[in-house]
Protein chains: 2
Amino acid sequence: MSTIKDVARIAGVSVATVSRVANNGPKVSSKTKEKVQKIMAELGYTPNANARALVTQKNTTIGVVIPELNDPFFASLANGVEQISRQHNMQLLLSTGQLSAESEMQAIDLLVGRRCDVMVIHSKKLSDEQLIALSQRIKGLVIIDRYVAAIAERCIWLDNFEGGKIAARHLLALGHKNLACITSKYQIDDPELRLNGFTNELNASGIPLDEQLIACAEPSLQGGEVAAQNLLASGKPFSAIFVYNDAMAIGAISTLEDNGYRVPADISVIGFDDVLLSRYSRPKLTTLNYPIEVMAKQATSLALALVNSQEVASQSSTLKHIPRLVKRESTNICNVKATEINLR
Amino acid sequence: MSTIKDVARIAGVSVATVSRVANNGPKVSSKTKEKVQKIMAELGYTPNANARALVTQKNTTIGVVIPELNDPFFASLANGVEQISRQHNMQLLLSTGQLSAESEMQAIDLLVGRRCDVMVIHSKKLSDEQLIALSQRIKGLVIIDRYVAAIAERCIWLDNFEGGKIAARHLLALGHKNLACITSKYQIDDPELRLNGFTNELNASGIPLDEQLIACAEPSLQGGEVAAQNLLASGKPFSAIFVYNDAMAIGAISTLEDNGYRVPADISVIGFDDVLLSRYSRPKLTTLNYPIEVMAKQATSLALALVNSQEVASQSSTLKHIPRLVKRESTNICNVKATEINLR
DNA sequence: TTGAAAGCGATACCAT
DNA sequence: ATGGTATCGCTTTCAA
């Protein structure tokens, strides 16, 4: 790989001049400029970004830490960050946290080692204290999908509690009175918040959720199948289910249909996240849209603003996002007869 | 951010010594080692990876270029690369090509600027010549999902032609005689190769594909729906469809069922790729598994071996991958009566 | 075992 | 308009 010195020597100028040309510097005669550019092209010279970063003390990479890349949800998150970095001519340095606190921390350390000062991290494993300490060390650190009160101005998060309430209201509005819920056994706060929002709204309407109609399983297609089986096995009637996420919802629907129930004719099902899957499933899933890509873009812009000490638009209220109900085919008005059949 | 000098000054030693400690150097008394480590911890010192790369001329990042992050297929690819980089304590530098030759090239240039010498790139837009030129400049460049003869030893690819043949054999073995095909209008070679393999095998069996039963559309759910409509509109009977990818297959199934055909009872459908979707759709999709993650891992290992001038395991034959038939629920033995109904 | 100093590739200040 | 050179943070001989 040729260096600035090579270019300078061959072009018969100093490295300073080459540097000026490479950076569109202010004072270079168009003649030498042309000459240098020609040599640069001939040599296939590309400035060494690392050396540049060293002397300018500015880094053009932005770091992302997510649990894993394979999950479409996180891929969308990364995609949002990528779009903004591209706009700012910065590059993505991506590390995965692999679902353990240790490797999450290690991923961040690696980014720090690269002197990456803008970072968007999705952490479910690190403690609040660790996150707070980290954000003090790293000016441009923004937390996504999690709310930590002490550093609220650095958190872009979704109101899961409100999401639960929205789901409840939707089902209630359709006339459902016998409700069930499928939740996840993993993750930190999200399942609990969603469930709490759901029950909270139900209680407010005087239609409490039967404890026995809460099934808990892994947040996957299989988990949804298992949970639905358990719900059915309880022998209790229900005409609608609020499910932790779309994958589980699709699994649940599968089990319900295998057992002779039609969705939504007999039982309504509402998911959460609005991932690609939900548009491909049949019936198409009614769900709550999690605007992860929008949030990721916002997080990235915020992180960028933080390192540039820019006036961070002070509408901190907008750091919180509310999921949006996406009505598709898996929910419908309560069919009383069907509910009675359930009682058989 | 504290530097090696800070540590040296405070610990009362030279930077050379600190460097030795940081790199587990050979000759340091355990006493000074301890002392230095203590200071490093206190200062929260992390060596600057860029400076290190500058002097050692070794980079610990590996670059990936994919069209976009949002597509689950490419996310799996990135995931494979990430796993191997993690194993080698290297970090992912990710750029997206955004489906244009220009930005694909730009993405690669950025990687080169970072002196990233190991890279896995998925390019559909760059010409063979450009790829060849690139691979000469960049020792550790490996092409994935594409075969370029002149640099065959740097290509990890899937035999799409063979995939088409496998699909044909499967359908033929189920007794289907009236076949249809849905292909994609975009992408460079893949659709054509798959279709050619398919027709090739059919011709060999004396059951040629009716030209009018080839529908072409965008490689998406909607595209699949449109294509299936066109197939139906042709008025020609068919009992099985080979579809370009899983998303289109699911769209096609949707249209077929809306028109009163049952899958697979009346019409069998086979997809391609075996993405997550195919396991979630109902009926679960029979498809051809594209082992993209395995391929990505292999590509990464190969790229790594290339820069280390290692003996690249000379079984170049294994650079080619064959898709594997995954028999699920969307294909079944040909139901003659149903086919006749089609003729109505 | 430890330190001094050269040098990696670039920028930017100070001269000229 | 151009060149000389100190400097960024680190590794790596070479001496001591």
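Chain letters run A, B, ... following the sequence lines, proteins first and then strands; every chain starts at 1.
To the nearest angstrom, C1' of D/dC8 lies 16 Å from CZ of B/Arg52. One interatomic measurement links the two molecules: CD1 of A/Ile4 to C1' of C/dT11, which rounds to 8 Å at whole-angstrom precision. Between the P atom of D/dT11 and the NZ atom of B/Lys27 lies a distance of 19 Å, rounded to the nearest Å. The separation between B/Asp6 atom CG and D/dC8 atom P is 11 Å, rounded to whole Å. Note: CZ (B/Arg9) to C1' (D/dG9) measures 14 Å, nearest angstrom. Atom-to-atom, CG of A/Leu43 to C1' of C/dG9 comes out at 15 Å; the value is rounded to the nearest Å. In this structure, B/Met40 places its CE atom 17 Å from P of D/dG9, rounding to the nearest Å. As rounded to whole Å, 14 Å separates atom C1' of C/dA10 from atom CG of B/Asn48.
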Could you please spell out the steps behind the side chain to side chain donor-acceptor pair (under 3.5 Å) verdict for A/Thr96 and B/Arg86? CA-CA 9 Å; A/Thr96 63; B/Arg86 166 175 294 272; 2.9 Å; yes

The test is side chain to side chain donor-acceptor pair (under 3.5 Å); show your working for B/Gln83 and B/Glu293 and say whether it passes. CA-CA 10 Å; B/Gln83 285 181 49; B/Glu293 197 166 315; 2.7 Å; yes

Restricting to nitrogen or oxygen on both sides, can you table the protein-nucleotides 4-8 of chain C pairs closer than 3.5 Å?
unit_1: C/dC8; atom_1: OP2; unit_2: A/Lys5; atom_2: NZ; d: 3.3
unit_1: C/dC8; atom_1: O3'; unit_2: B/Gln57; atom_2: NE2; d: 3.2
unit_1: C/dC8; atom_1: O2; unit_2: B/Val55; atom_2: N; d: 3.4

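If you take CG on B/Leu134 and CZ on B/Arg154, they are separated by 9.5 Å, rounding to the nearest 0.5 Å. Between the CD atom in A/Gln298 and the CD1 atom in A/Ile84 there is a gap of 10.0 Å [rounded to 0.5 Å].
Look at A/Asn50 and you won't find any side-chain N or O under 4.0 angstrom from OP1 or OP2 of C/dG9. One finds a side-chain N or O of B/Arg115 lying less than 4.0 angstrom from the OP1 or OP2 phosphate oxygen of C/dA10. For C/dA10, the OP1/OP2 oxygens have no side-chain nitrogen or oxygen of A/Ser19 closer than 4.0 Å.
Ranked by how close their nearest DNA chain C nucleotide is to the 5' end, B/Ser30 and A/Ser2 are led by B/Ser30.
When heavy atoms are screened at a 4.0 angstrom cut-off, A/Val13 is found touching the sugar-phosphate backbone but no base atom. Using a 4.0 Å heavy-atom cutoff across all strands shown, A/Thr46 reaches sugar-phosphate atoms only and no base atom.
The aromatic rings of B/Trp157 and B/Tyr147 sit tilted, their planes meeting at an angle between 30° and 60°.
Contact check for A/Thr17 versus A/Arg20: side-chain heavy atoms found under the 4.5 Å cut-off.
A salt bridge does not link B/Glu34 with B/Lys38: every distance from a Lys NZ or Arg NE/NH1/NH2 to an Asp or Glu carboxylate oxygen is 4.0 Å or more. A salt bridge links B/Asp190 to B/Lys124: one of the charged nitrogens lies within less than 4.0 Å of a carboxylate oxygen.
With the end axes of the helix from C/dT1-D/dA16 to C/dT16-D/dA1 each set by five pairs, the angle from one to the other reads 40° at 10° resolution.
Screening residues 44-58 of chain B for side chain to side chain donor-acceptor pair (under 3.5 Å) gives B/Asn23-B/Arg52 as the qualifying pairs, with residues at least two apart or on separate chains.
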